[in-house]
Amino acid sequence: MIAFPDEAAGCPLTGIVASYTPRLAALAAEPGFVAAVDQHAAEIRERLFAQGPELMPRPLRRAELTDYALGFLDALAEVGWDQPVGYDYAIDRLTAICWLVHQNGLLDA
């Protein structure tokens, strides 16, 4: 698994947020990146929870996003992914995870 320096025991979200929050600033200037991160965030939300009878999504849970992130990081480690200088699928997905953490206050005390 890809490890982050400040990763809490078993929870990669802290490390992902620390590493990818600076990339959120690029959302203001790069429309293509905005679209990619938005699509990745929508796909993650769809994978993590189904719509209810009222077609309203339930709140995103930290444990579910943590499990998803751990699996994604394991998959990156299996293929030997190295962070590129620019953007790729993994950067977009990790930035979307970071965005979801911020938007849902998943690391708030």
Side-chain angles (χ1 to χ4, degrees):
M1 178 175 73
I2 297 169
F4 292 99
D6 58 348
E7 186 175 306
C11 181
L13 298 182
T14 303
I16 291 171
V17 167
S19 295
Y20 290 89
T21 293
R23 290 192 180 259
L24 296 178
L27 296 177
E30 299 182 36
F33 187 47
V34 171
V37 169
D38 183 58
Q39 289 173 352
H40 281 272
E43 185 178 325
I44 292 167
R45 283 190 300 261
E46 186 175 310
R47 286 178 184 238
L48 295 181
F49 51 83
Q51 303 295 325
E54 299 84 26
L55 298 178
M56 296 297 294
R58 63 177 172 74
L60 184 61
R61 296 183 183 128
R62 180 178 174 168
E64 292 169 332
L65 189 57
T66 296
D67 288 345
Y68 176 82
L70 285 170
F72 187 69
L73 292 171
D74 284 345
L76 291 178
E78 282 181 25
V79 298
W81 178 78
D82 285 322
Q83 184 166 281
V85 174
Y87 301 99
D88 67 358
Y89 178 91
I91 293 292
D92 295 346
R93 185 59 58 120
L94 290 165
T95 304
I97 291 170
C98 175
W99 185 83
L100 288 168
V101 168
H102 281 289
Q103 289 297 320
N104 292 280
L106 299 180
L107 293 180
D108 294 345

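Not measured: the values here are computed from a predicted model.
In terms of heavy-atom proximity, Ile91 sits nearest to Gly86 at CG1-O, 4.1 Å. Closest approach of Arg61 to Leu106, counting heavy atoms only: C-CD2, 4.3 Å.
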Can you give me every donor-acceptor pair (side chain of residues 24-42, partner residue at least two apart or in another chain, under 3.5 Å) with its distance?
{"from": "Glu30", "atom 1": "OE1", "to": "Tyr87", "atom 2": "OH", "distance (Å)": "3.3"}
{"from": "Glu30", "atom 1": "OE2", "to": "Tyr87", "atom 2": "OH", "distance (Å)": "3.2"}
{"from": "His40", "atom 1": "ND1", "to": "Arg93", "atom 2": "NE", "distance (Å)": "2.7"}
{"from": "His40", "atom 1": "ND1", "to": "Arg93", "atom 2": "NH2", "distance (Å)": "3.1"}

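Under the 4.5 Å side-chain criterion, counting only non-hydrogen atoms from C-beta, Val101 is not in contact with Leu60. At least one side-chain heavy atom of Leu65 sits less than 4.5 Å from a side-chain heavy atom of Leu13. Considering only heavy atoms from C-beta on, Leu76 stays 4.5 Å or farther from Tyr89 through its side chain.
The CD1 atom of Ile44 sits 4.5 Å away from atom OH of Tyr68, with the distance rounded to the nearest 0.5 Å. Atom CD of Glu43 and atom CG of Asp92 lie 11.5 Å apart (nearest 0.5 Å). The CH2 atom of Trp81 sits 8.5 Å away from atom CG of Leu73, with the distance rounded to the nearest 0.5 Å. For the atom pair CZ (Arg23) and CG (Leu94), the distance works out to 9.0 Å, reported to the nearest 0.5 Å.
Using modelled atom types, one side-chain atom of Asp88 and one backbone atom of Ala90 make a donor-acceptor pair closer than 3.5 Å.
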